[in-house]
Student: 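My structure is below; once you've seen it, I'll send some questions.
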Amino acid sequence: MVWTNSKDSALRERAQAVIPNGMYGHQSVMLLPDDYPQFFDRAQGAYLWDMDGNRYVDFLCGYGPNLFGYAHAGIDQAYFDRAKLGDTMTGPGEAMVLLAEAMTAQVSHADWAMFCKNGTDATTMAMMIARNHTKKNTIVLAKGAYHGAAPWCTPVKNGVAPSDRANQVFYEYNDVESLEAAVKAAGSDLAAIFASPIKHDTFIDQELPNPEYARRARELCDEHGALLIVDDVRAGFRLARDCSWSLVDVKPDLSTWGKAVANGHPISALLGSDVCRFAAATIYATGSYWFSAAPMAAALETLKLIAQTDYLERTIALGERLRSGLDEAAGRHGFALRQTGPAQLPLIMFDDDPTSAKGYLWNNALLKRGVYFHPWHNMFICAAMTEADIDDTLNAADDAFKVVKDAGPLEPVAKIAFLHQMVDGH
Ligand code: PMP
């Protein structure tokens with residue numbers, strides 16, 4: 001099928017009239033390579049179809065929620081069965097207790113669970129609980145880490161008052177000295193240290209957590225009576241069947257979850273240990289949709305698959321197949337890639353591509369060949385992908401490298417310069 005985008009273009013034009021900028025947030029394609037479709041028609045398994053009927057092997061997985069495949073029969077059945085009986089009601093259903101039992105059984109540091117809708121709800125509640133627990137205000141965060149889109153953490157500061165960002169001190173991820181200096185700067189006011197499970201910032205190489213850094217974060221919290229918060233919204237259950245920092249043997253007091261926990265149905269979670277149960281019980285936190293039963297039923301089914309299937313090993317093996325195949329293909333065409341992070345959460349950029357020009361052209365060429373990649377955000381492997389999907393992707397990548405090679409010298413990507421102006425580096 002010849003790739004066209006006339007339906008998407010028409011919809012985008014209509015969107016410009018009734019939606020600010022036609023779309024907002026990280027799912028706006030404004031900053032992606034040319035021709036990326038803004039709107040999608042459907043999704044099944046590992047695939048996504050845009051409005052013009054083009055099919056893509058989707059390596060964004062909805063920016064994380066798709067773990068077991070879009071429209072997963074068992075998970076969606078649980079959702080629909082529960083929705084027919086009652087979803088958003090005057091209070092929660094039994095599913096809330098079942099899910100809290102299942103989450104605390106699955107995640108070893110957790111003694112209790114609270115549910116909400118977005119990752120930002122969970123990270124915001126974590127911050128409030130830490131402040132309530134310690135009766136202190138300062139939070140220590142890694143520079144450039146994403147924790148959501150509320151005024152205290154959104155990466156773009158338009159519309160944010162300086163007071164929204166008060167009581168924050170930043171450190172360099174994985175750097176013990178920098179963490180210690182940030183804690184020192186917090187003085188006697190330290191409420192919490194926030195950590196992403198891995199460094200999964202945009203535009204820069206990903207890093208696994210250095211165990212010494214993770215252990216030091218735990219010790220510093222213990223020394224100061226502060227809480228350690230691991231933000232597992234993006235990586236949760238993609239690195240481990242437990243909190244991601246179980247891999248470095250460090251238990252946080254609080255962990256935040258979202259995205260994959262219900263395979264795309266809207267629910268997020270905050271898990272905590274007994275030490276801060278009282279503080280959790282005495283903040284005010286709620287939302288009209290937070291207790292809807294159907295996403296909880298979907299989450300219960302997802303957790304069963306997490307506990308009982310080899311999804312994790314599968315996604316790692318598929319990610320490794322992709323990684324080694326791409327390195328080989330790049331080498332054949334005289335390119336080198338920077339592939340960082342865990343194989344199942346790959347970030348793929350060109351070496352020697354300071355303006356992202358090669359990356360943008362390569363991603364555009366992949367798109368036209370039925371592969372949805374991202375040039376500067378980590379991607380996701382889902383368990384519905386097959387070896388054949390990876391091999392098709394490698395074939396497309398081979399052609400796409402040719403496109404980049406044949407293009408010769410490239411102009412810098414103007415969109416990227418614009419983005420860097422918008423985003424404040426703290
Ligand atoms: N924390 C992390 C690590 C995330 O990746 C995200 C979402 N990208 C969030 C928090 C915020 O989640 P949400 O968009 O659901 O509010």
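In each ligand, atom 1 is the first atom listed, and ligand 1 is the first ligand listed. Just so you know, residue 1 is the first one in the sequence shown, and it goes up from there.
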Student: Between T286, I267, T88, T90, which is the residue that forms a side-chain contact (heavy atoms from CB on, under 4.5 Å) with F291?
Tutor: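 Among the candidates, only T286 passes.
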Student: Can you name the residues that form a ring-ring contact (aromatic ring centres under 6.0 Å, His included) with F203, not counting sequence neighbours?
Tutor: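 If we apply the ring-ring contact (aromatic ring centres under 6.0 Å, His included) test to F203, skipping adjacent residues, the hits are W376, H420.
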Student: Measure up the Y372 and F40 rings against each other and bin them: parallel (under 30°), tilted (30 to 60°), perpendicular (over 60°).
Tutor: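 Plane angle over 60°, so perpendicular.
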Student: Kindly assign one of parallel, tilted or perpendicular to the pair W49 and Y47, based on the angle between their ring planes and the thresholds 30° and 60°.
Tutor: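 Geometry flag for Y47 against W49: perpendicular rings.
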Student: Should the pair R218-E212 be classified as a salt bridge under the 4.0 Å nitrogen-to-oxygen rule?
Tutor: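 No, no charged N to carboxylate O under 4.0 Å.
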Student: What about the rings of F194 and W152, do their centers lie closer together than 6.0 Å?
Tutor: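 Centroid separation for F194 and W152: below 6.0 Å.
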Student: Run through ligand 1 for me and note each protein residue having a heavy atom under 4.0 Å from it, chain first, then residue number.
Tutor: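 Protein residues near ligand 1 are N118, G119, T120, Y146, H147, G148, H200, D231, V233, R234, K259.
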